[in-house]
Engineer: 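I'd like to ask some things about the structure below.
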Amino acid sequence: MKTIETTFAGLKLKNPIIVSSSSLTNSAEKNQKLCEAGAAAVVLKSLMEEQIHLDVEGMEDNDPFVVGGNDLTAYMLEYKMDEYFTMIRDTKRVVDIPVIASINAYDESNWVSFAKKIEDAGADAIEINILALQTSLDYQYCAFEQKHINILKLVKNVVNIPIIMKLGDNFTNPVALIHQLRAHGAAGVVLFNRFYPTDINIDKVEQCAGKPFTTEDDLSKALRWTGIASAAVSNYSFAISGGVHNAAGVVKSILAGASAVEVCSAIYQRGNAVIKEMTDGLTEWMNTHTMDDIAMFRGMLNQQYRNEGINTFERTQFMKYYGRFKK
Ligand SMILES: Cc1cc2nc3c(=O)[nH]c(=O)nc-3n(C[C@H](O)[C@H](O)[C@H](O)COP(=O)(O)O)c2cc1C
């Protein structure tokens, strides 16, 4: 009997397609539709602490009677958190798949009580995203990595549900960080979160937003690091996020070592039907390649794989590749 069931971060999934955190998952109604379309799990839109601070600043700027400061921030935080817990409860009522809450941690202090309430509201897991640029001239090497471990430890102390760490791609050595996160009890990692894309408009000579969505080409980065990390930190849960646009992307992710994929851009661009296209395509590929289940090929092409002694995930310089493009 062939099956596309999988397990990620201790969660049993009917297939590897998780809808990743974004406005796609910011209401129970949308999550119900994603579930009906075949999603195996949803990661709710992140509650962003930074956004709450910006909202408070906006209220202060627009209304002279609003006196901001810590009280207002605390009030807004409480208010937004309550809204978030309601979304978790409402989603749980209408879906029969795991519901993963998402915390965008910006400051280590506030999130601990939040995490506990997320668990109490019925979330099946928590995904922590600590996406931030590191630009300080006084930056101490490893400080950002240590922040991940500190936040994980704080949350781990108060919840029993699995904790998933969604990493940015701005680490020198994600493998070492993943090894540490595992040692400190993270149930799995997602490679990678995506920075807000920026661009420059040369006609207006001003900064502007870049393209919001990924393309298939973006998958390469996560394939490399999942391939390397899944070999080094074996028997661990990896999900790929970033550039999974079709069934081929799902198959490649699993071959590199992922147990699941988190999909966002493809659903924004082509609708919920993409989920079934992906699961159908995955099943078809497994039939053609006589794979009975995900475990049979997960990590088959990770860093341990060699083709004539070479593993391309380890390659950094182009070398011979340039030779093929002689003018
Ligand atoms: C409009 C938009 C909103 C997003 N919001 C969040 C968010 O709230 N939290 C988060 O962790 N990632 C967020 N992301 C990142 C996605 O979850 C995902 O990791 C990223 O887009 C890469 O996956 P993709 O190639 O399937 O788009 C957002 C992405 C987009 C395009």
Side-chain angles (χ1 to χ4, degrees), residues 8-9 16-27 30-31 34 37 39-52 54-55 80-81 83-84 87-88 91 99-106 111 114-115 118 123 125-133 148 151 155 163-170 174 186 188-199 209-226 238-250 252-253 256 258 260-272 274-275 277-278:
F8 170 65
I17 319 299
I18 300 173
V19 181
S20 77
S21 179
S22 63
S23 309
L24 292 168
T25 57
N26 67 1
S27 77
K30 290 184 190 174
N31 294 328
L34 289 163
V42 285
V43 186
L44 303 180
K45 168 91 185 138
S46 307
L47 183 69
M48 312 235 178
E49 189 183 3
E50 189 183 6
Q51 187 60 50
I52 293 170
L54 289 174
D55 287 351
K80 293 278 180 190
M81 284 178 179
E83 269 188 355
Y84 203 73
M87 177 169 59
I88 296 172
T91 299
V99 174
I100 303 167
S102 170
I103 303 177
N104 172 256
Y106 178 69
W111 298 103
F114 184 31
I118 279 180
I126 297 182
E127 187 175 278
I128 302 179
N129 109 51
I130 312 174
L131 191 66
L133 292 172
H148 282 67
I151 291 177
V155 176
I163 301 170
I164 298 159
M165 301 298 286
K166 185 177 188 185
L167 305 183
D169 61 2
N170 51 335
V189 289
V190 181
L191 308 182
F192 290 107
N193 206 339
R194 176 168 158 80
F195 283 107
Y196 173 84
T198 58
D199 202 352
K211 294 194 174 90
F213 302 125
T214 60
T215 69
E216 275 181 70
D217 294 340
D218 291 301
L219 183 60
S220 169
K221 196 173 12 181
L223 284 181
R224 158 173 279 144
W225 284 111
T226 304
F238 292 85
I240 280 188
S241 171
V244 178
H245 279 254
N246 46 35
V250 179
K252 289 178 193 182
S253 299
V261 292
E262 291 194 359
V263 182
C264 175
S265 294
I267 303 176
Y268 266 112
Q269 291 173 312
R270 307 208 316 276
N272 292 358
V274 161
I275 298 168
E277 275 175 36
M278 288 181 179

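Both ligands and their constituent atoms are indexed starting at 1 by order of listing. Being a predicted model, the structure only gives us computed values, none of them experimental.
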Engineer: Given side chains that start at C-beta, do those of V263 and I275 come closer than 4.5 Å, heavy atoms only?
Structural biologist: no
Engineer: Identify the two heavy atoms, one from A125 and one from I164, that lie closest to each other, and give their separation to 0.1 Å.
Structural biologist: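 In terms of heavy atoms, the two residues are closest at CB-CD1, 4.1 Å.
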Engineer: Any atoms of ligand 1 less than 4.0 Å from a non-hydrogen atom of V263? List them with their elements.
Structural biologist: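 So the answer, numbered in order with elements, is 26 (O).
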Engineer: Could you go step by step and tell me if V190 and N129 meet the side chain to side chain contact (heavy atoms under 4.5 Å, CB included) rule?
Structural biologist: CA-CA 9 Å; V190 181; N129 109 51; over 6 Å; no
Engineer: For atom 12 (N) of ligand 1, what is the nearest protein heavy atom, given as residue, atom name and distance?
Structural biologist: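 In this structure, atom 12 (N) of ligand 1 has K166 NZ, 3.1 Å as its nearest protein heavy atom.
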Engineer: For the CG atom of N170 and the CG atom of N193, what is their distance to the nearest 0.5 Å?
Structural biologist: 10.0 Å
Engineer: What's the shortest distance from atom 25 (O) of ligand 1 to any protein heavy atom, and which residue and atom give it?
Structural biologist: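 The closest heavy atom on the protein side is T214 OG1, 2.5 Å.
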Engineer: Can you measure from CD1 (I100) to OG1 (T25) and round to the nearest 0.5 angstrom?
Structural biologist: 10.0 Å
Engineer: Where is the nearest protein heavy atom to atom 8 (O) of ligand 1: which residue, which atom, and how far?
Structural biologist: K45 NZ, 3.1 Å
Engineer: Report yes if S23 has an N/O atom closer than 3.5 Å to an N/O atom of ligand 1; otherwise report no.
Structural biologist: no
Engineer: Rounded to the nearest 0.5 Å, how far apart are CD1 of I103 and CD1 of I118?
Structural biologist: 4.0 Å
Engineer: Does any N or O atom in S102 lie less than 3.5 angstrom from one in ligand 1, N or O only?
Structural biologist: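 Such a contact does not occur with ligand 1.
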Engineer: Does any N/O atom on S20 come nearer than 3.5 Å to any N/O atom on ligand 1?
Structural biologist: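 Yes.
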Engineer: The criterion is ring pair (Phe, Tyr, Trp, His ring centres under 6.0 Å); which residues satisfy it with F195, sequence neighbours excluded?
Structural biologist: none
Engineer: Quick one: does G243 get an N or O within less than 3.5 Å of an N or O on ligand 1?
Structural biologist: yes
Engineer: At their closest point, which heavy atom of T226 faces which heavy atom of F238, and how far apart are they?
Structural biologist: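 It is CG2-CB, 4.0 Å.
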Engineer: K221 side chain to G243 main-chain N or O, any donor-acceptor pair under 3.5 Å?
Structural biologist: no
Engineer: At what distance is the nearest protein heavy atom to atom 15 (C) of ligand 1, and which residue and atom is it?
Structural biologist: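 Heavy-atom neighbour on the protein nearest atom 15 (C) of ligand 1: N193 OD1, 3.7 Å.
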Engineer: Any N or O on A266 sitting closer than 3.5 Å to an N or O of ligand 1?
Structural biologist: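 N/O-N/O distance under 3.5 Å: no.
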Engineer: Please check this pair: side chain of T198 against backbone of A209, looking for a donor-acceptor N/O pair closer than 3.5 Å.
Structural biologist: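 No; judged by distance alone, with no hydrogens or angles, the pair does not exist.
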Engineer: Considering heavy atoms of the protein only, find what lies nearest to atom 30 (C) of ligand 1 and give residue, atom and distance to 0.1 Å.
Structural biologist: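 Residue, atom and distance for the closest contact: C264 SG, 3.8 Å.
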Engineer: Check whether any N or O atom of H245, backbone or side chain, sits under 3.5 Å from an N or O atom of ligand 1, and answer yes or no.
Structural biologist: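 No; every N/O pair is 3.5 Å or more apart.
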Engineer: Among all protein heavy atoms, pick out the one at the shortest distance from atom 18 (C) of ligand 1; state its residue, atom name and that distance to 0.1 Å.
Structural biologist: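 Protein heavy atom with the smallest distance to atom 18 (C) of ligand 1: S241 OG, 3.4 Å.
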Engineer: Checking T214 now: which residues fulfil side chain to side chain contact (heavy atoms under 4.5 Å, CB included) with it, not counting sequence neighbours?
Structural biologist: R194, D218, H245, S265
Engineer: To check your reading of the model: name the closest protein heavy atom to atom 27 (O) of ligand 1, its residue, and the distance in Å.
Structural biologist: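 Going atom by atom, the protein heavy atom closest to atom 27 (O) of ligand 1 ends up being S265 OG, 2.5 Å.
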Engineer: For ligand 1, which atoms, with element, lie under 4.0 Å from some heavy atom of Y268?
Structural biologist: 1 (C)
Engineer: So, is S46 polar-close to ligand 1, with some N/O to N/O distance under 3.5 Å?
Structural biologist: yes
Engineer: Which heavy atom of the protein is the closest neighbour of atom 28 (C) of ligand 1, given with residue, atom name and distance?
Structural biologist: S21 O, 3.6 Å
Engineer: Indicate, as side chain, backbone, both or neither, the part of P212 found under 4.0 angstrom from ligand 1 when only non-hydrogen atoms are considered.
Structural biologist: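 Answer for P212: backbone.
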